[in-house]
Amino acid sequence: MKIVFYSTNSNLFDPSTYKLKVKPSNEEQFKDFQKAHPEHSFICVSQFPASFMPEESTILLDKNLDAKDFAQELEKLNPDMAIPMSFWVEPFDWLSVNDALVGQYLEKKGIKCLYHSLETALTCFDKYRTQQKLLQEDFNIAKGIFVDHDLYFCAGSHKNVISNVYKASIRSQLEKLNLPLIIKDTVGLSSYGMTVVHTYGEAIGYLNSKRNNSNRIVEEYLDGQQYGLEIYGQPGNYTVMPPFRFSLNQYGITSPKQSAKAGPESLSPELNKIMLKLAECLHLKGLAQVDLIYKDGKWFVIEINPRLSGMTYLYAKSMGLSVFELMYKTCIEISPLPPVNKALSLKLPILNDEEMKKVSAINGVVLLNQINDLAAKQEREKGFCECIITSSSLEEIKSSLEELKKEFPELATIQQSETILK
């Protein structure tokens, strides 16, 4: 069977300044995966930066191709099956929507394609739609309100309007929420741009400012423990992974560029049931990641990402698999996954080749995943190097962390890792 893994991108990236480096490389992992399955032919097709894809053997298509053009290029390969390996880019987390459009086209051409439907992708992309879907299906979510940007500022363009009634209604609703509050974009990526406010005045000040430049959700801050997990499979056959604990920054939220993840913790029958219900009601197909908060004995769903995530390498390596093998086992072969070892993911500064070699030699370090944007103007925007440590023993992971601490004694994510490993 000829199987195509594909992913699209809607953003411009300059290969001369935007550098991805994975050690061991995705190319090495893909070659090993191919050797393990000689009965199939595998092809990887993407648009730059082609996250998670093999560095050398991926077919890179023109950045200007839209979903239909991209799908037509896949069609020329005459695959028996196509599976998206959607990734993410700033500012809009919508690539799974584009990959669904590709999948729709392929299906019309008679090519089997396992992808999250356009409806599912759109529901998860727009956090307001996500919120409404979760309420409809009776999941626990943070109490909050939706702020329509156009209505909030509409009075300024109508000279005959004395006061903005919609704006007044937002203030009234805000003051019924419990402080502190989180304000977030409805279509942004993860927690980028998320703001925590501690008074109603701060919330109104933010909404009245130029920072409020699109639709927003304002919701109560849940001070429970934050977790994340991934779900693999398709309707009637899902695998829910045990959750990893997330560290928090000084504002009490997870930071994609700084957070550490440790675990996994045991998957309780209750959480497994909740996640299976979530997967079935969204008709997930492939891989999806879910952010959760556990508070007062209840699980709250925070966000659903129908794509590969910042946890995908972590899960794969904690089971001794490549991402390709993980996708194969859960989407094609439909076979049980290996046991999940203890694992830790933390962010290091950008490393040079010699430093990467040195860190890789530390016992338990199984993967380094570095993102380096040379064109970034601010230091914090340049990127990071994700370091994944696995072991059958929590004590061995702590020992590996001590070795890292010698190299980076003041690094905040090492301190965060020590906290969530306790």
Side-chain angles (χ1 to χ4, degrees), residues 5-11 46-47 51-53 67 70-71 81-107 112-134 136-137 139 141 184-192 217 227-241 243-244 254 256 274-292 301-316 323 326-328 330-332:
F5 294 118
Y6 73 89
S7 53
T8 62
N9 187 14
S10 60
N11 283 20
S46 187
Q47 290 169 304
S51 300
F52 297 95
M53 293 294 198
F70 188 100
M81 186 176 189
I83 301 174
M85 289 179 56
S86 307
F87 55 97
W88 65 94
V89 293
E90 296 180 57
F92 304 118
D93 197 359
W94 61 10
L95 298 187
S96 58
V97 175
N98 206 42
D99 289 345
L101 293 172
V102 172
Q104 284 185 164
Y105 178 90
L106 294 176
E107 280 190 333
K112 185 178 180 182
C113 193
L114 186 70
Y115 64 96
H116 301 297
S117 71
L118 184 60
E119 176 64 26
T120 296
L122 286 169
T123 296
C124 297
F125 160 59
D126 184 334
K127 295 179 177 64
Y128 178 62
R129 290 180 63 162
T130 307
Q131 185 185 68
Q132 296 308 299
K133 179 68 173 178
L134 293 172
Q136 176 188 331
E137 300 292 342
F139 289 95
I141 66 169
K184 59 187 180 183
D185 191 343
T186 60
V187 294
L189 177 66
S190 191
S191 59
Y192 292 116
I217 289 176
Y227 291 91
L229 58 76
E230 288 189 336
I231 303 171
Y232 313 127
Q234 52 193 298
N237 200 328
Y238 290 112
T239 298
V240 179
M241 301 305 293
F244 276 79
T254 58
I274 294 170
M275 292 297 97
L276 289 176
K277 176 185 173 182
L278 180 71
E280 291 289 353
C281 78
L282 287 170
H283 306 290
L284 297 177
K285 291 182 180 179
L287 184 155
Q289 187 267 341
V290 184
D291 287 336
L292 301 155
V301 179
I302 303 303
E303 188 166 300
I304 307 159
N305 300 303
R307 54 165 171 75
L308 276 66
S309 77
M311 302 188 72
T312 304
Y313 278 131
L314 177 60
Y315 274 118
V323 173
L326 177 58
M327 297 294 290
Y328 180 81
T330 56
C331 297
I332 302 169

Could you give the distance from CG (Leu95) to CZ (Phe125), rounded to the nearest 0.5 Å? 10.0 Å
Matching residue for Ser86 among Asn305, Asp93, Asp99, Thr8 - test: side-chain hydrogen bond (donor to acceptor under 3.5 Å, both in side chains): Asp99
Roughly how far, to the nearest 0.5 Å, is the CD1 atom of Ile332 from the CE atom of Met81? 5.0 Å
Under 3.5 Å, side chain of Lys277 to main-chain N/O of Glu137, donor-acceptor pair present? yes
Rounded to the nearest 0.5 Å, how far apart are CH2 of Trp88 and OG of Ser51? 6.5 Å
Would you call the rings of Tyr315 and Phe244 parallel, tilted or perpendicular, where under 30° means parallel and over 60° means perpendicular? perpendicular
Which pair of non-hydrogen atoms, one from Gly103 and one from Cys113, has the smallest distance, and what is that distance? CA-SG, 3.6 Å
NZ/Lys112: more than 12 non-hydrogen atoms of other groups inside 6.0 Å: no
Might you work through the side chain to side chain contact (heavy atoms under 4.5 Å, CB included) test for Phe92 and Ser10, ending with a clear yes or no? CA-CA 9 Å; Phe92 304 118; Ser10 60; over 6 Å; no
Between Lys184 and Ile302, the two heavy atoms sitting closest are NZ-O, 4.1 Å
Which atom of Met53 lies closest to which atom of Ser46, heavy atoms considered: CG-CB, 4.1 Å
Just how far is it from atom NZ of Lys133 to atom CZ of Phe139, taken to the nearest 0.5 Å? 9.0 Å
Assess the residue pair Val323 and Met85 against the criterion (side chain to side chain contact (heavy atoms under 4.5 Å, CB included)); give the C-alpha distance rounded to whole Å, side-chain angles, the decisive distance to 0.1 Å, and a yes or no. CA-CA 9 Å; Val323 173; Met85 289 179 56; 3.7 Å; yes
What is the minimum heavy-atom distance between Lys127 and Val187, and which atoms define it? NZ-C, 4.3 Å
Looking at Ile304 and Cys124, what are the two nearest heavy atoms and their distance? O-CB, 3.4 Å
Would you say the rings of Phe52 and Tyr313 are close, in the sense that their centroids are separated by under 6.0 Å? yes
As a quick check of understanding, evaluate side chain to side chain contact (heavy atoms under 4.5 Å, CB included) for Leu278 and Leu134, giving each step before the final call. CA-CA 8 Å; Leu278 180 71; Leu134 293 172; 3.6 Å; yes
Excluding sequence neighbours, so at least two apart, what forms side chain to side chain donor-acceptor pair (under 3.5 Å) with Tyr238? none
Counting only N and O atoms by type, is there a donor-acceptor contact under 3.5 Å from the side chain of Gln47 to the main-chain atoms of Asn9? yes
Just by modelled atom types, is the Leu287 backbone N or O under 3.5 Å from a matching donor or acceptor in the His116 side chain? yes
Okay, side chain of Thr239, backbone of Tyr232: is any donor-acceptor separation there less than 3.5 Å? no
Interatomic distance, CD1@Ile83 vs OG@Ser7, rounded to 0.5 Å, equals 12.5 Å
Interatomic distance, NE2@His283 vs OG1@Thr123, rounded to 0.5 Å, equals 10.0 Å
Side-chain donor/acceptor of Gln289 to backbone N/O of Leu308, under 3.5 Å: no
Salt bridge (Lys or Arg N to Asp or Glu O under 4.0 Å) filter on Glu107, not counting sequence neighbours, yields none
Strictly distance-based, threshold 3.5 Å: is any side-chain N or O of Thr120 a donor or acceptor partner for the main-chain N or O of Leu282? yes
Any side-chain heavy-atom pair of Leu101 and Leu118 under 4.5 Å: yes
Closest non-hydrogen atom pair between Glu230 and Met311, with its separation: OE2-C, 3.7 Å
